[in-house]
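Below: one structure, written as structure tokens.
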Amino acid sequence: MPAKILHLVRRFDPAAPLLGRLGTLEVRLARNAAEVKAAQQLRYRVFYEEMSAQPSKLQKMTRRDRDSFDRYCDHLLVIDHARGGSIASRIVGTYRLMRGERAALAGGFYTAQEFDIAPMLARHPGKRFLELGRSCVLKDYRGKRTVELLWQGIWAYVIAHDVDVLFGCASLAGTDPATLAAPLGFLQANASAPEEWRVRAHTHRGTFFDDVPANIDQRRALAVLPPLLKGYLRLGGYVGEGAVVDHQFGTTDVLIVLPRANINPRYVGHYGADASRFAA
């Protein structure tokens with residue numbers, strides 16, 4: 001049986017275990033197509049109804065954020081059992097995870113549409129890469145507990161699949177890079193990737209800053225960075241060269257690369273070397 005067909009037949013584990021629990025909140029992978037659909041509905045609510053993403057006619061009709069990569073990804077879910085009702089009403093957070101072998105089946109990583117990641121992958125042929133994307137949480141749940149459970153799930157997944165490098169796009173709100181010059185300049189000046197992890201935006205899509213503004217208010221620039229992006233930096237992540245405007249989502253994207261060896265030891269200690277901190 002071809003690998004792609006075999007994957008689609010076996011893509012879900014109906015008994016996918018809980019990866020963590022905090023009170024009524026639990027984190028685990030989606031166990032079936034209905035749960036992925038519910039995650040896509042959550043993404044639609046956050047990206048298209050709350051934020052400024054522009055839906056296609058099909059997305060408006062289905063009220064789902066979906067693309068061709070979804071079927072090759074694992075979908076991490078935070079579920080609040082206190083909400084009751086169907087699984088769609090109980091999913092309050094999600095993250096999309098794609099390993100290298102799944103990307104090969106999908107025709108590549110989603111990130112490759114915006115950034116030229118091929119040289120980085122070629123420089124590390126023995127490394128296992130994991131792409132993170134489509135992170136979103138319902139507004140009422142954007143607190144420490146939900147974020148901790150999402151990272152608990154990601155860390156458990158990294159350990160289970162012996163992942164070496166995490167990467168993916170992180171977004172700043174807005175589509176005018178000039179108005180984002182301060183935070184983008186701050187990232188370039190303080191978090192640029194060294195040569196072995198350097199990734200550059202595709203020339204035809206990227207906006208590049210040859211000179212970092214000299215008068216950046218570092219504290220203010222850091223303050224306006226999205227919490228997710230600041231979280232990646234605290235963990236030890238690097239930022240690629242250039243930024244890409246995503247007009248559909250109303251954002252300007254940068255590329256984050258986080259080698260597992262870079263992860264700050266205190267975060268490993270917080271979640272446990274075996275991801276047992278919030279284990280169910």
Side-chain angles (χ1 to χ4, degrees), residues 47 51-54 67 69 95-98 100 103 106-125 127 129-136 164-260 262:
F47 297 144
M51 299 179 181
S52 57
Q54 300 299 311
D67 64 22
F69 294 93
Y95 233 119
R96 191 167 80 173
L97 315 176
M98 181 148 70
F109 287 105
Y110 173 88
T111 304
Q113 298 175 122
E114 297 188 354
F115 292 86
D116 184 11
I117 63 174
M120 177 185 69
L121 300 179
R123 287 194 298 269
H124 303 279
K127 300 289 187 184
F129 285 82
L130 174 66
E131 181 186 61
L132 306 178
R134 288 301 203 272
S135 169
C136 70
D164 298 301
V165 186
L166 301 87
F167 74 100
C169 294
S171 301
L172 290 83
T175 57
D176 181 6
T179 65
L180 297 170
L184 292 174
F186 172 87
L187 292 172
Q188 183 174 318
N190 294 280
S192 289
E195 184 60 37
E196 66 171 321
W197 298 112
R198 189 155 295 165
V199 174
R200 183 177 172 84
H202 286 300
T203 302
H204 68 283
R205 296 206 59 184
T207 296
F208 302 91
F209 297 87
D210 296 328
D211 297 306
V212 178
N215 59 344
I216 291 177
D217 183 329
Q218 302 265 328
R219 180 175 294 181
R220 178 171 293 182
L222 181 61
V224 302
L225 291 178
L228 179 64
L229 212 166
K230 287 190 282 192
Y232 286 136
L233 298 183
R234 283 194 294 267
L235 284 168
Y238 300 124
V239 177
E241 291 184 58
V244 176
V245 173
D246 186 332
H247 290 285
Q248 181 187 6
F249 280 86
T251 61
T252 298
D253 300 339
V254 296
L255 192 282
I256 300 292
V257 180
L258 176 59
R260 179 175 171 178
N262 270 31

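Every value quoted in this text rests on a predicted model; they were computed, and no experiment measured them.
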Just jot down the side chain to side chain contact (heavy atoms under 4.5 Å, CB included) partners of Pro119, sequence neighbours excluded, or say none. Asp116, Arg123
For the residue pair Phe129 and Phe167, categorise the inter-ring angle as parallel (less than 30°), tilted (30 to 60°) or perpendicular (more than 60°). perpendicular
Residues at least two apart in sequence or cross-chain that pass side chain to side chain contact (heavy atoms under 4.5 Å, CB included) with Asp67, listed by chain then number, are Phe69, Asp70, Arg96, Tyr110, Arg134
Can you tell me how far CG of Asp246 sits from CG of Leu172, rounded to the nearest 0.5 angstrom? 12.5 Å
Heavy-atom pair of closest approach, residues Gly242 and Phe115: O-CE2, 3.8 Å
Partners meeting side chain to side chain contact (heavy atoms under 4.5 Å, CB included) with Thr207 (sequence neighbours left out): Pro177, Phe209
Side-chain donor or acceptor of His124 paired with backbone N/O of Asp164 under 3.5 Å: no
Residues 221-232 side chain polar contacts: donor-acceptor under 3.5 Å, at least two apart:
{"unit_1": "Tyr232", "atom_1": "OH", "unit_2": "Tyr95", "atom_2": "OH", "d": "2.5"}

Those residues at least two apart in sequence (or on a different chain) that pass ring-ring contact (aromatic ring centres under 6.0 Å, His included) with His247 are none
Contacts under 3.5 angstrom, residues 248-260 side chains, donor-acceptor by atom type, not counting sequence neighbours:
{"unit_1": "Gln248", "atom_1": "NE2", "unit_2": "Tyr48", "atom_2": "OH", "d": "3.1"}
{"unit_1": "Gln248", "atom_1": "NE2", "unit_2": "Gln59", "atom_2": "OE1", "d": "3.4"}
{"unit_1": "Thr251", "atom_1": "OG1", "unit_2": "Asp253", "atom_2": "OD1", "d": "3.0"}
{"unit_1": "Thr252", "atom_1": "OG1", "unit_2": "Gly174", "atom_2": "O", "d": "2.8"}
{"unit_1": "Asp253", "atom_1": "OD1", "unit_2": "Ser171", "atom_2": "OG", "d": "2.7"}
{"unit_1": "Arg260", "atom_1": "NH1", "unit_2": "Val163", "atom_2": "O", "d": "3.2"}

Locate the shortest heavy-atom distance separating Ala201 from Val244; write the atom from each residue and the value. CB-CG2, 3.7 Å
Taking side chain as C-beta onward, heavy atoms only, is Phe47 less than 4.5 Å from Ser52? no
Output for pair (Met98 CE, Leu132 CG), nearest 0.5 Å, gives 11.0 Å
Scan for side-chain hydrogen bond (donor to acceptor under 3.5 Å, both in side chains) pairs involving residues 172-181, sequence neighbours excluded, and state none if there are none. none
Which residues pass the side-chain hydrogen bond (donor to acceptor under 3.5 Å, both in side chains) test with Arg198, not counting sequence neighbours? Glu195
How would you list, by chain and number, every residue that makes a side-chain hydrogen bond (donor to acceptor under 3.5 Å, both in side chains) with Glu241, sequence neighbours excluded? Arg200
Heavy atoms, side chains only, cut-off 4.5 Å: are Pro194 and Tyr238 in contact? yes
